[in-house]
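A short write-up of the structure that comes next.
A quick note: this is a predicted structure, and the numbers were derived from the prediction, not measured. As the structure lists them, so they are numbered: ligands from 1, and atoms in each ligand from 1. Worth knowing before you read on, the calculation uses all heavy atoms, side chains too, and leaves out hydrogens, waters and symmetry mates. Residues take their numbers from the sequence shown, with the count starting at 1.
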Amino acid sequence: MALTGKSAVVTGAALGIGKGLSEVLLQNGAKVALLDVKESAGQSLVESLNQQHGTGSALFLKCDVESEEQLKAAFQKATETFGGIDILCNNAGIMNEATWEKAVSINLMGVIRATYIALEHMSKLNGGKGGVIVQTASLAGLGPFPSCPVYTATKSGVVGFTRAMAAASAVSGYGIRFNALCPTFVQTEMITNIPARLGQFSHLNEVAEQLKEKLGVLSVSDVAESLLELVTDETKNGEALMILTKGKAYMQFPSP
Ligand SMILES: NC(=O)C1=CN([C@@H]2O[C@H](COP(=O)(O)OP(=O)(O)OC[C@H]3O[C@@H](n4cnc5c(N)ncnc54)[C@H](O)[C@@H]3O)[C@@H](O)[C@H]2O)C=CC1
Ligand SMILES: CCCCCC(=O)CC\C=C/C=C/C=C/[C@@H](O)[C@@H](O)CCCC(=O)O
């Protein structure tokens with residue numbers, strides 16, 4: 001899929017990885033609706049992006065992925081503004097074991113919620129053009145991260161959902177590809193003040209620090225570049241792309 005003239009929705013787009021995903025999509029010719037709860041940061045980012053890429057290239061919509069109503073309104077506005085949706089990046093997420101129910105609601109349920117709303121706009125069975133949906137999962141979705149069991153569960157669920165939706169789409173004829181980004185640590189706000197986010201597992205902060213030391217830390221642009229591969233390569237469906245400091249690799253899942 002070439003990106004020129006395509007339209008994307010990115011959740012959690014005001015900061016961090018979502019900001020990077022939005023920027024790389026714009027740099028490659030797509031228009032982007034940036035969804036986030038951080039209204040001030042989102043609005044000022046979009047003003048800057050429109051100055052760089054031309055008025056109307058980027059749109060900010062205040063949206064909490066925990067809200068079905070807000071997501072439906074945002075997707076409707078994006079469709080009306082850009083004439084359709086070709087790409088969805090389900091990126092919004094938190095890591096906080098002390099508020100684990102919220103992490104489940106955002107990281108897993110938010111991905112499912114946004115995906116199902118996107119199907120209404122994107123699926124060929126609903127008159128849509130098809131397209132691609134990319135989830136920002138995590139390396140923790142491919143292997144247990146002992147310091148944050150619920151975060152691990154949400155990301156494992158995102159990987160499983162992505163693979164199942166990829167298979168469902170292929171059989172159903174949605175015309176939509178589903179893939180997951182699985183990065184190791186990335187230099188964003190999420191990896192600041194980790195001990196305060198571990199809840200009852202704060203005694204395992206050293207485990208997290210050792211993993212961070214061992215695995216290293218990526219830049220946002222490392223992740224954003226990897227998005228392009230999953231969006232533009234039409235053969236990619238049901239993939240989990242591991243992004244490590246030593247390079248990238250597609251996860252090979254054991255067949256039952
Ligand atoms: N930073 C890291 O080391 C890694 C992060 N990830 C994942 O990448 C995604 C983005 O994380 P980062 O950019 O690192 O975090 P971040 O904290 O820098 O940015 C997250 C963005 O999502 C937004 N957000 C949070 N809850 C939301 C909600 N309910 N509705 C809408 N927007 C919401 C925040 O306002 C923020 O702009 C997350 O899903 C995270 O789990 C995956 C692997 C590594
Ligand atoms: C605690 C902050 C979370 C930040 C957000 C992330 O998603 C960071 C993810 C980064 C690393 C995840 C590591 C998961 C590792 C498991 O797969 C573990 O089983 C790998 C063991 C590696 C080793 O010991 O060689």
Look at ligand 1 and say whether Lys19 reaches it with a heavy atom at a distance under 4.0 Å. no
So is Thr11 touching ligand 1 or not, going by heavy atoms under 4.0 Å? no
[atom] - nearest protein heavy atom and its distance:
{"atom": "atom 3 (C) of ligand 2", "answer": "Met95 CG, 4.0 Å"}
{"atom": "atom 20 (C) of ligand 2", "answer": "Leu211 CD2, 4.5 Å"}
{"atom": "atom 8 (C) of ligand 2", "answer": "Phe185 CD2, 3.9 Å"}
{"atom": "atom 22 (O) of ligand 1", "answer": "Gly12 CA, 3.3 Å"}
{"atom": "atom 11 (O) of ligand 1", "answer": "Met190 CE, 3.9 Å"}
{"atom": "atom 12 (C) of ligand 2", "answer": "Phe145 CD1, 3.6 Å"}
{"atom": "atom 9 (C) of ligand 2", "answer": "Ser138 OG, 3.4 Å"}
{"atom": "atom 20 (C) of ligand 1", "answer": "Gly93 O, 4.0 Å"}
{"atom": "atom 24 (O) of ligand 2", "answer": "Lys214 NZ, 3.5 Å"}
{"atom": "atom 5 (C) of ligand 2", "answer": "Tyr151 OH, 3.2 Å"}
{"atom": "atom 14 (O) of ligand 1", "answer": "Thr188 OG1, 2.5 Å"}

Check this for me - ligand 1, [X], N or O atoms closer than 3.5 angstrom, yes or no?
{"X": "Glu66", "answer": "no"}
{"X": "Tyr151", "answer": "yes"}
{"X": "Phe185", "answer": "no"}
{"X": "Val186", "answer": "yes"}

Ignoring hydrogens and angles, state whether a donor on the side chain of [X] or [Y] is under 3.5 Å from an acceptor on the partner side chain.
{"X": "Gln52", "Y": "Ser48", "result": "yes"}
{"X": "Gln135", "Y": "Asn90", "result": "yes"}
{"X": "Tyr116", "Y": "Glu68", "result": "no"}
{"X": "Gln187", "Y": "Ser219", "result": "no"}

From the candidates [options], the one that places a heavy atom nearest [atom]:
{"atom": "atom 34 (C) of ligand 1", "options": "Thr136, Asp36, Leu21", "result": "Asp36"}
{"atom": "atom 15 (C) of ligand 2", "options": "Cys148, Gly141, Pro144, Ser147", "result": "Pro144"}
{"atom": "atom 39 (O) of ligand 1", "options": "Val217, Asn91, Val37", "result": "Asn91"}
{"atom": "atom 4 (C) of ligand 2", "options": "Thr154, Ile191, Ile17", "result": "Ile191"}
{"atom": "atom 31 (C) of ligand 1", "options": "Ala74, Ala103, Cys63", "result": "Cys63"}

Does the gap between the ring centers of Phe185 and Phe145 come in under 6.0 Å? yes
Can you tell whether the side chains of Lys62 and Asp36 come within less than 4.0 Å, N to carboxylate O? no
Does Arg177 come within less than 4.0 Å of Glu239, counting only side-chain N to carboxylate O? no
Taking heavy atoms and a distance under 4.0 Å, where does [X] meet ligand 1: side chain, backbone, both or neither?
{"X": "Lys155", "value": "side chain"}
{"X": "Ile17", "value": "both"}
{"X": "Ala41", "value": "neither"}
{"X": "Ile106", "value": "side chain"}
{"X": "Ala137", "value": "backbone"}
{"X": "Thr184", "value": "backbone"}

Please walk me through it: do Gln27 and Glu23 pass side-chain hydrogen bond (donor to acceptor under 3.5 Å, both in side chains)? CA-CA 6 Å; Gln27 286 157 12; Glu23 289 171 336; 5.2 Å; no
